[in-house]
2 protein chains.
Amino acid sequence: MTEIPIPAPTAHQLFEKLELAIHEHQLAPGTKLGEDDIGDIYGVSRTTVRAALQTLSHQRLVEHKRNRGAFVAQPSVREAREVFEARALIEPRTAYSAAERASPEDILKLQAHIDAEHEALADGNHGRALYLSGQFHIEIAKIADQQTIETFITQLMSRSSLIVALYWQRRAAMCESHAHDALISAFADHDGPRAEELMKNHLVDLVTSLDLRNKVSAPLSLKDALSR
Amino acid sequence: MTEIPIPAPTAHQLFEKLELAIHEHQLAPGTKLGEDDIGDIYGVSRTTVRAALQTLSHQRLVEHKRNRGAFVAQPSVREAREVFEARALIEPRTAYSAAERASPEDILKLQAHIDAEHEALADGNHGRALYLSGQFHIEIAKIADQQTIETFITQLMSRSSLIVALYWQRRAAMCESHAHDALISAFADHDGPRAEELMKNHLVDLVTSLDLRNKVSAPLSLKDALSR
DNA sequence: GTGCTCAAAATTGTATACAACTTTGGTTAC
DNA sequence: GTAACCAAAGTTGTATACAATTTTGAGCAC
């Protein structure tokens with residue numbers, strides 16, 4: 001059997017791999033991300049790993065503990081509340097703008113997102129379904145054509161993904177909701193006020209489905225988590 | 001004359017130096033930030049410079065042009081509009097919360113900020129006055145006790161600083177306004193609605209004092225800008 | 001068994017070296 | 001005079017090396 005050399009990922013590609021692994025809950029909050037360990041797994045030097053980890057750290061997906069190393073971030077209960085308060089402040093208005101601007105192509109794109117989400121669910125890939133449902137919110141910001149707001153929402157979705165991993169007790173609940181379908185309908189009607197209200201309620205539903213008392217995370221070792 | 005060796009800055013210290021230099025308009029938008037140049041000036045290696053530039057890049061204070069190098073960011077007119085739209089979405093509500101929560105110590109802190117701002121103005125240090133007036137907005141987010149929102153506002157202030165450098169035709173105008181004094185008064189009265197309204201108007205005033213038609217920047221060379 | 005000491009291991013931060021890729025400017029052919 | 005081409009310089013991205021700091025753990029005293 002001939003070994004086909006896998007090209008080493010660039011720093012940015014490594015960042016994207018790790019980001020996705022965190023978003024899809026392959027890497028649980030609290031998992032240690034040793035620079036040497038990651039370098040060995042992906043065949044890159046610590047320089048490359050450090051660049052990727054720094055980017056993840058800026059996005060607050062990983063936390064650096066002084067002289068202990070990098071870990072997948074574990075948002076506190078307080079941070080969890082703040083993230084959803086911020087989303088409640090920003091996203092309804094964004095949905096309003098998106099509803100006013102949405103083109104037929106935009107609607108189709110959103111629908112495709114939902115379809116992919118359902119497909120992942122059918123495959124039992126809950127992590128991916130969760131990731132896609134987050135992307136749905138980012139797509140809305142794109143439709144609103146507000147790049148600055150979009151970067152904020154992207155950051156909030158990243159944090160939300162970690163929060164869900166830590167505090168979500170009943171994972172099935174979210175995906176069963178048809179809040180996203182209702183939003184699409186409002187977009188199709190260009191009904192800004194309705195989209196705003198739907199988004200507001202959707203976020204309230206999300207918060208109330210969290211249990212901010214208990215953490216339910218179970219950090220795995222790095223290589224166990226990445227070898228699937 | 002004995003040379004006293006200046007300790008080389010750490011990557012994070014270098015980042016802070018450059019961040020401040022940009023915020024205070026020592027480094028104009030468009031200034032090229034060569035890795036070797038900065039390394040020579042501060043006596044550090046490219047590794048350290050790259051780490052600092054990556055952080056600045058993530059904050060969108062610098063832009064990396066492919067194989068051309070790093071430059072102090074030049075927000076486009078579109079970005080300028082978006083930044084102030086985002087501020088209009090976030091800051092009034094934050095001011096409302098801050099007014100409800102402000103303690104007497106908070107008020108004193110804000111007052112001290114304004115005093116320092118006036119002092120800088122009296123010294124003719126417009127760059128520093130502008131920086132301090134930005135910090136005032138961040139202090140409000142701190143009082144509102146919303147760390148997530150605070151990071152967003154911090155990012156928006158960074159961008160605003162660049163926008164002011166590029167599009168502000170009459171620099172004196174802002175600093176003469178007493179909008180910040182009025183806000184403090186509303187905070188002292190714990191008058192949330194008034195604070196929200198004042199902030200809203202303050203932001204409108206800021207936008208209208210911009211001239212989004214012309215860029216008024218004049219990038220200097222790096223070492224000229226930093227040797228003052 | 002508990003607590004202290006010290007050495008070994010681990011980890012970070014930074015410097016240096018090097019290869020690949022662009023851009024640039026000058027030279028040459030036409 | 002113009003266009004193509006090639007070489008040189010500049011720049012980036014990554015690997016490796018090394019010093020400094022901190023954690024860890026084993027051994028020992030009590």
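Chain A is the first sequence line, chain B the second, and so forth, proteins listed ahead of strands; every chain is numbered from 1. Side chains included, hydrogens not; waters and symmetry mates left out as well; all remaining heavy atoms used.
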*Just do the side-chain contact (heavy atoms from CB on, under 4.5 Å) check on A:Ile140 and A:Met199 with the steps written out, would you?*
CA-CA 11 Å; A:Ile140 291 174; A:Met199 180 61 86; 3.6 Å; yes
Problem set entry | Short side-chain to backbone donor-acceptor contact, B:Glu91 and B:Ala88, under 3.5 Å | no
Whole-Å distance, B:Tyr42 OH to C:dA15 P, equals 15 Å
Of the listed C:dT14, D:dG13, D:dT11, the closest approach to the B:Arg50 side chain comes from D:dG13
In numerical order, the residues of residues 53-64 of chain A whose heavy atoms come under 4.0 Å of DNA chain D are none
Rounded to whole Å, NZ of B:Lys32 lies from C1' of C:dT22 at a distance of 12 Å
Side-chain atoms of A:Arg46 come closest, of C:dG13, D:dA15, C:dA15, to C:dG13
When rounded to whole Å, the NZ to P distance for the pair B:Lys65 and C:dT24 reads 12 Å
> Would A:Glu105 and A:Lys109 pass as an ion pair if we require N to O under 4.0 Å?
Replying inline: no
Whole-Å distance, A:Glu35 CD to D:dT14 C1', equals 14 Å
Rounded to whole Å, the CG-P distance (A:Leu14 to D:dG13) equals 15 Å
By nearest-heavy-atom nucleotide on DNA chain D, the more 5' of B:Arg68 and A:Thr10 is B:Arg68
Q.
Please confirm whether the shortest side-chain N or O distance from B:Thr47 to OP1 or OP2 of C:dT14 is below 4.0 Å.
A. no
Base, sugar-phosphate, or nothing: which does A:Ala11 touch, judged by heavy atoms less than 4.0 Å apart? sugar-phosphate
Check for me whether the distance between the ring centres of B:His180 and B:His137 falls short of 6.0 Å. yes
Mutual orientation of the aromatic rings belonging to B:Tyr131 and B:His23 [parallel < 30°, tilted 30-60°, perpendicular > 60°]
parallel
Steps toward salt bridge (charged side-chain N to carboxylate O under 4.0 Å, His left out) verdict (B:Glu79, B:Arg60):
CA-CA 11 Å; B:Glu79 286 172 301; B:Arg60 306 199 57 181; 2.7 Å; yes
Of B:Asp36 and A:Val44, the one whose nearest nucleotide on DNA chain D sits closer to the 5' end is B:Asp36
Per atom distances to the A:Ser45 side chain, the nearest of C:dT14, D:dT12, D:dA15 is D:dA15
Query raised in the report: Is there a donor in the side chain of A:Ser160 and an acceptor in the side chain of A:Arg87, or the other way round, less than 3.5 Å apart?
Result: yes
